[in-house]
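Everything below concerns the one structure shown next.
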Amino acid sequence: MIKFLILILGIVFAGTPYNQKKVLVLSDNPAVYVSHSQFFNLLSKTYRVDYKNIQSNTFNLQLFGEWQYDHLILFSTTNDLKVSIQELLDFYDSGRNILLLGSTDQSKYFRKFLNSFGLDMHEYGSSVIDYFNNIKGNHNIVTTTNVNILKVDKPVAHQGAGLAMTPYETFQVYGLVRGSETAFSGSNLSHNIIYVGATQGRNNARFVATGSWEILSDEYLNNSNLGNFELTQEIIRWGFGQSKILKAENLIHRRLDSDDIKPYNYRLREDCYFSIDIFEWDYQKDQWIPYVSTENDVILEFVMLDPYYRVPLKKGQGAKYELSFKIPDVYGVFQFKINYLKPGYTFLKIAEKITVRPFRHDEYGRYLVQAYPYYFSSFGTMAGFVVFLIAFLLNK
């Protein structure tokens with residue numbers, strides 16, 4: 001009976017919010033919980049949310065060596081956080097995610113923290129202006145359709161400061177929402193104005209920063225003509241690791257004429273078959289589905305010190321990516337390598353070590369084409385000797 005009750009309690013508590021991942025929200029302005037109620041409603045549907053004052057001493061990110069939260073949301077202000085920047089970076093380095101809602105008058109603490117991720121806030125008191133793409137002629141409330149990685153179909157409204165980064169996208173730092181071509185902020189032109197920026201670490205932890213609080217406020221989320229509601233959903237899903245998550249499994253390599261999977265070594269010039277299954281997490285179906293790359297960019301490298309082959313894998317059935325190739329005429333220790341760094345997706349780094357050996361003495365052909373000159377010279381010497389012997393014996 002006791003075992004039965006324990007089982008029932010386990011099933012009940014498994015479905016409660018206490019089984020959800022925990023999010024800590026830090027702000028020193030209580031009004032934000034009213035002005036951003038839609039944002040917090042979306043957040044609480046998936047996560048267990050704790051709200052704390054930014055200067056409070058009643059919370060611990062880490063306790064007895066264990067992180068107490070899975071995600072962190074910071075509303076930047078003129079006040080500094082009680083937690084050190086290094087502790088925030090350690091939180092991120094542990095594989096956890098951070099969302100920073102910036103403001104034009106945020107303290108140097110938050111600006112320095114933002115710099116740690118390759119982003120920078122515009123000057124104090126600055127604001128993005130756009131005389132062509134705005135709402136009802138108010139050039140301080142700007143709109144843009146320049147959204148990357150995230151799926152937003154409508155224009156996004158923004159009010160406040162912008163972010164800056166290098167003027168080109170990298171595989172780790174990129175602008176999720178950029179300003180339109182006519183936007184500017186002081187000396188910053190449109191190509192370097194970002195409304196929402198992001199960084200993804202090599203450990204696949206994600207950091208998202210906005211130039212202002214207002215981009216996620218109810219004022220714009222409730223406007224059906226704008227895409228801010230969709231943007232908020234996408235930021236929560238992408239920023240907290242619900243979307244664009246990849247995994248690889250079922251790596252297979254073998255000789256093309258054999259069913260022996262993952263042999264210890266291969267011989268020079270053997271035909272080799274390689275395949276791997278790549279899946280993407282579907283948050284709507286709550287399951288893994290086959291990942292489909294439309295750009296033919298899943299590259300296999302066959303590496304010793306340098307790649308001897310660097311070729312794209314072909315899409316097979318289901319989640320399978322495969323390729324057949326000939327082992328190079330070089331023996332040594334090689335690796336099958338996949339280093340998939342597609343912006344917006346979690347990184348895939350796969351390596352499988354194998355040995356390539358030379359021919360054994362009994363694996364060479366009976367006659368080698370390369371040795372034909374030596375064959376001819378040997379038989380020619382013998383034939384010449386016989387001719388000379390006959391001529392010598394018959395000569396009187």
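Computed from a prediction, not measured in an experiment: that's the story for all the values here. Quick note: numbers below take in every heavy atom, side chains included, and nothing from hydrogens, waters or symmetry partners.
Counting heavy atoms from C-beta outward, L26 and N53 have side chains that stay 4.5 Å or more apart. Using a 4.5 Å heavy-atom cutoff, the side chains of L81 and L74 are in contact. Using a 4.5 Å cut-off on side-chain heavy atoms (C-beta onward), F184 and I129 make contact. The shortest distance between side-chain heavy atoms of L300 and Y309 does not fall below 4.5 Å.
The environment of Y51 atom OH is dense: over 12 non-hydrogen atoms of other residues, nucleotides or ligands sit within 6.0 angstrom. Applying the 6.0 Å contact sphere to NZ of K349 captures more than 12 heavy atoms from other residues, nucleotides or ligands. By the neighbour-count criterion of 12 heavy atoms within 6.0 Å, atom NZ of K353 is sparsely surrounded, having that number or fewer from other residues, nucleotides or ligands. Counting non-hydrogen atoms of other residues, nucleotides and ligands closer than 6.0 Å to CD of Q287 gives a total above 12.
Annotation: cation-pi geometry not satisfied between K52 and F59 (NZ/CZ under 6.0 angstrom from ring centroid, within 45° of ring axis). Stacking of K21 on the aromatic ring of Y47 is not recorded, the 6.0 Å distance cut-off and the 45° axial limit not both being met. R357 forms no cation-pi arrangement with Y266, by the criterion of a distance under 6.0 Å to the ring centre and an angle within 45° of the ring axis. Taking the ring centre of Y124 as origin, the terminal cationic atom of R111 falls inside the region bounded by 6.0 Å and 45° from the ring axis.
Relative ring orientation between F325 and F336 is described as perpendicular, the plane-to-plane angle rising above 60° on a 0-90° scale split at 30° and 60°.
For Y345 and Y291, the gap between ring centers is short of 6.0 Å. Here F240 and H71 bring their ring centres to under 6.0 angstrom of each other. Taking the ring centroids of Y308 and F334, they lie under the 6.0 Å cut-off. Between F207 and F117, the gap from one ring centroid to the other is short of 6.0 Å.
Applying the side-chain contact (heavy atoms from CB on, under 4.5 Å) test between F302 and each of C272, P307, P328 identifies P328 as the sole match. A side-chain hydrogen bond (donor to acceptor under 3.5 Å, both in side chains) with Y283 is found for exactly one of R237, Q242, K244, namely R237.
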Query raised in the report: Run the salt bridge (charged side-chain N to carboxylate O under 4.0 Å, His left out) check on R360 and D362 step by step: do they pass?
Result: CA-CA 5 Å; R360 293 195 299 265; D362 59 349; 3.7 Å; yes
Query raised in the report: Which is it for R310 and E301 under the salt bridge (charged side-chain N to carboxylate O under 4.0 Å, His left out) test, yes or no, and what are the steps along the way?
Result: CA-CA 4 Å; R310 185 182 282 127; E301 295 181 335; 2.7 Å; yes
**Report entry** Verdict with supporting geometry, D277 and K320, salt bridge (charged side-chain N to carboxylate O under 4.0 Å, His left out)
**Finding:** CA-CA 4 Å; D277 294 342; K320 191 175 296 298; 3.4 Å; yes
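A donor and an acceptor atom, one from each side chain of N223 and E219, are nowhere located under 3.5 Å apart. Looking at N133 and T182, their side chains do bring a donor and an acceptor atom within 3.5 Å of each other. Remark: the D105 side chain and the S103 side chain contain an N/O donor-acceptor pair separated by less than 3.5 Å.
Residue I299 is found outside any hydrophobic cluster, as its side-chain heavy atoms come under 4.5 Å of no other Ile, Leu, Val, Met, Phe, Trp or Tyr.
Between R269 and D329, at least one side-chain nitrogen of the basic residue sits less than 4.0 Å from a carboxylate oxygen of the acidic one, meeting the salt-bridge criterion. Classification of E270 and R255 as a salt-bridged pair holds, one side-chain N sitting under 4.0 Å from a carboxylate O. Between D260 and R254 there is no salt bridge, since no side-chain nitrogen of the basic residue lies less than 4.0 Å from a carboxylate oxygen of the acidic one.
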Kindly list each side-chain donor-acceptor pair under 3.5 angstrom involving residues 32-40, sequence neighbours excluded, with atom names and distances?
unit_1 : atom_1 : unit_2 : atom_2 : d
S35    : OG     : A31    : O      : 3.4
S35    : OG     : V32    : O      : 3.4
H36    : NE2    : W213   : O      : 2.9
S37    : OG     : D218   : OD2    : 2.5
Q38    : NE2    : N222   : OD1    : 2.6

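A donor-acceptor contact shorter than 3.5 Å links the side chain of T104 to the backbone of G125. Within the 3.5 Å criterion, the main-chain N or O of G344 finds a donor-acceptor partner in the side chain of Y174.
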